[in-house]
2 protein chains.
Amino acid sequence: MTVARIADLAGVSAPTVSKVINGHAGVAVDTRRRIEDLIREHGYQRADRTPPASIIEVVFQALDSPWALDIIRGVEQVARGHDLAVALTEMQGHLTPGRGWSDQVLGRRPVGVIAVSAELTRRQLAHLSTAGIPLVVLDPSGEPQHQTPSVGAMNWNGGLTATRHLLSLGHRRIAMINGPDRYLCCRARLDGYRAAMDAAGVPVAPELLRTAPLYVEGGRAAAAELLDLPDPPTAVFTGNDLQAIGVYTAARDARMRVPEDLSVVGFDDLTFVQWSHPPLTTIRQPLTDMGATAAQLVMTLASGAYPDHTRIELPTALVERHSTAAPRQAGKPARVSRGQPAGG
Amino acid sequence: MTVARIADLAGVSAPTVSKVINGHAGVAVDTRRRIEDLIREHGYQRADRTPPASIIEVVFQALDSPWALDIIRGVEQVARGHDLAVALTEMQGHLTPGRGWSDQVLGRRPVGVIAVSAELTRRQLAHLSTAGIPLVVLDPSGEPQHQTPSVGAMNWNGGLTATRHLLSLGHRRIAMINGPDRYLCCRARLDGYRAAMDAAGVPVAPELLRTAPLYVEGGRAAAAELLDLPDPPTAVFTGNDLQAIGVYTAARDARMRVPEDLSVVGFDDLTFVQWSHPPLTTIRQPLTDMGATAAQLVMTLASGAYPDHTRIELPTALVERHSTAAPRQAGKPARVSRGQPAGG
DNA sequence: CTGAAAGCGCTTACAG
DNA sequence: CTGAAAGCGCTTACAG
């Protein structure tokens, strides 16, 4: 669509169309309206305006965990296949991007946007939608937003599997240190934990349920409190791997050994936890796949096609390493679950 | 500045200038260079083009290490201050971006480009330069390119400090597992190692010098060979932290304890190495600062100002943790350098 | 209020 | 390898 073509359709000359487009005076109301209608209908774009920039925009709450890089890698793999770059912005820990955010994004003209654990305001959603920029939410943090496509992991199943694993080793006093309640994924993991405990007929002691920031220090502080209890837990399931590493620290401070004195199960399976001491048993979340899936969904939406599914959940799985063992029985030495020597 | 004006100054026609700007063939080398110089000098901008998109472009060889995220975080901090996003591309391990890369970047119109451990072709440099897009090289991998501003770390000093630390503990048979020779930063670390050894009057045994990919498996394989030597080293200094983790694995496989039987010093200080077992003694490289500094340099160049320095080196520092100790003397038990119990 | 004409900045196709 | 000519998409200045 060019100015000349619109002019033809409207039965006027190019300069007249030009005036309408640029909001200049000197066009009859009727003529103006007719031209505006045609433009809306045919979707005029200035020829010399650059087309959508070849980027996929990804918004993170924070870029402070290897967690983010795993997701980025997945997005990048798909983006690369379409000759697209991945544009990153960070919200400094906020759940919702700031005021100017959507203007900045529109200015960049990305092919689409992936919001990681973020919640957009209704206004921000509207901005993207009128600009024709598709949005996908990754690991949705709160209420699924009206019609927004999303990609997540099977968090409830992960919580169930982790807890069952600990129960099967003989644990009964199993604590859970979880992330903040406002994250849906954390809620789901807790519910999975409860479901496993209920199914095994083991009551959940309220003092064994803690909430802490999803970082090492959060896990350490919560675990320190737990281990200080009159009847401390024999096992801890955490909201993510960083918290699990914090539990290690707290255990060491309390002169307890993992897994002999305390079993620990994390969540995520960040690359480095296989090198921690002991190697961490955790629930694997396919972060790179999740990033790739979200990017694919964005590309599908951008192409105008309607995707088969707008809510995708990828599977989680237990990765058994060496941080879990049967609970130490009074007077008996601990039986380690796998063949790893203490102090390896 | 218009195409016609540049053409006048260069004493050529507009179409010729147009070809240079768009990177088309069919212009004599001399003519091209003359036009490029004029464009650089006068700062041409296409009249009908939208202004630069609000992004800083960062090209990585690979996005497969937390190393990358530390740099990204620094770039993002500065970018955020200017309401800019960080656009990421990855070269799948190649040293030089592919053919279409500069066209893609020009299409994105970033405020500037940061190339991490990458080498651009002369053609790619010219493309960016004629488009008026400033370039900064981070952690330059090879020959410093003509006039390209760069940001790095004091790698030579780091190598010196690491080796001195091991020498001061009493080690003499100190191996170095280094990254590929083609990286300048690796060369500098090796030279620092040599300098420390020479200064201490300790000859460098050629069989203790190894080159391996900068990943865990590279470090493991090289260390396995070293430990299999008739006269194995008592200490290993590695090209990066991932290799150091690989050395841990090889030591475990050879039933040797770190640091009692083998001291290890890494390079980078990735966040997680404090949680490895034992916590890794390493040379800290200020990756986030380096990213931020590179971004600042890009912003300065983009503003048209001439920066004070176009070659910036940030300091490295020894971070002592628990992976080094005095060498075990024949018949004597090892003396651990810090108060960490074995098997903590 | 409208549009023919001129002009702008750029690119393309092609003759030399 | 170079540039005159034609053309594209758009806007401006102005005659009617």
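Hydrogens, waters and symmetry mates play no part in the numbers below; they use all other heavy atoms, side chains included. Small disclaimer: the values here were computed from a predicted structure and weren't measured.
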Rounded to whole Å, the CD1-P distance (B:Ile6 to C:dT11) equals 12 Å

Please check if any side-chain donor atom of B:Tyr215 sits under 3.5 Å from a side-chain acceptor atom of B:Asp64, or the reverse.
yes

Establish, with yes or no, whether the OP1 or OP2 oxygen of D:dT11 is under 4.0 angstrom from a side-chain nitrogen or oxygen of A:Ser18.
yes

In Watson-Crick or G-U wobble terms, both distances under 3.5 Å, what is the partner of D:dC14?
C:dG3

Taking the side chain as everything from C-beta on, heavy atoms only, tell me whether B:Val111 gets closer than 4.5 Å to B:Ser54.
no

Measure NZ/A:Lys19 against C1'/C:dT2 and give the value in whole Å, please.
6 Å

Whole angstrom is fine here: how far is it from CG in B:Asp8 over to P in D:dT2?
16 Å

Taking atom types as modelled and ignoring hydrogens, do the side chains of B:Gln124 and B:Thr121 form a donor-acceptor contact shorter than 3.5 angstrom?
yes

Rounding to the closest angstrom, what is the interatomic distance between D:dG16 and D:dT12 at atom P?
22 Å

Would you call B:Arg34 and B:Glu36 a salt bridge, taking side-chain N to carboxylate O under 4.0 Å as the test?
no

Closest to side chain of B:Pro15, choosing from D:dT12, D:dT2, D:dA4
D:dA4

Whole angstrom is fine here: how far is it from CG in A:Asp30 over to P in C:dC1?
11 Å

Of the listed nucleotides D:dC10, D:dT2, C:dC1, the one nearest the side chain of A:Val3:
D:dC10

Considering only heavy side-chain atoms of A:Ala14, the closest of C:dC1, D:dT11, D:dT2 is D:dT11

Report yes if at least one side-chain N or O of A:Thr31 is closer than 4.0 Å to OP1 or OP2 of C:dT2; otherwise report no.
yes

N/O (side chain, B:Ser13) to phosphate O (OP1/OP2, D:dT2) under 4.0 Å:
no

Would you please confirm or rule out a distance under 4.0 Å between OP1 or OP2 of D:dG9 and any side-chain N or O of A:Thr2?
no

Round to the nearest Å and state the distance from B:His24 atom NE2 to C:dA13 atom P.
10 Å

Under 4.0 Å between a Lys/Arg side-chain N and an Asp/Glu carboxylate O for B:Asp70 and B:Arg73?
yes

C1' atoms of C:dG7 and C:dG3, separation to the nearest Å:
16 Å

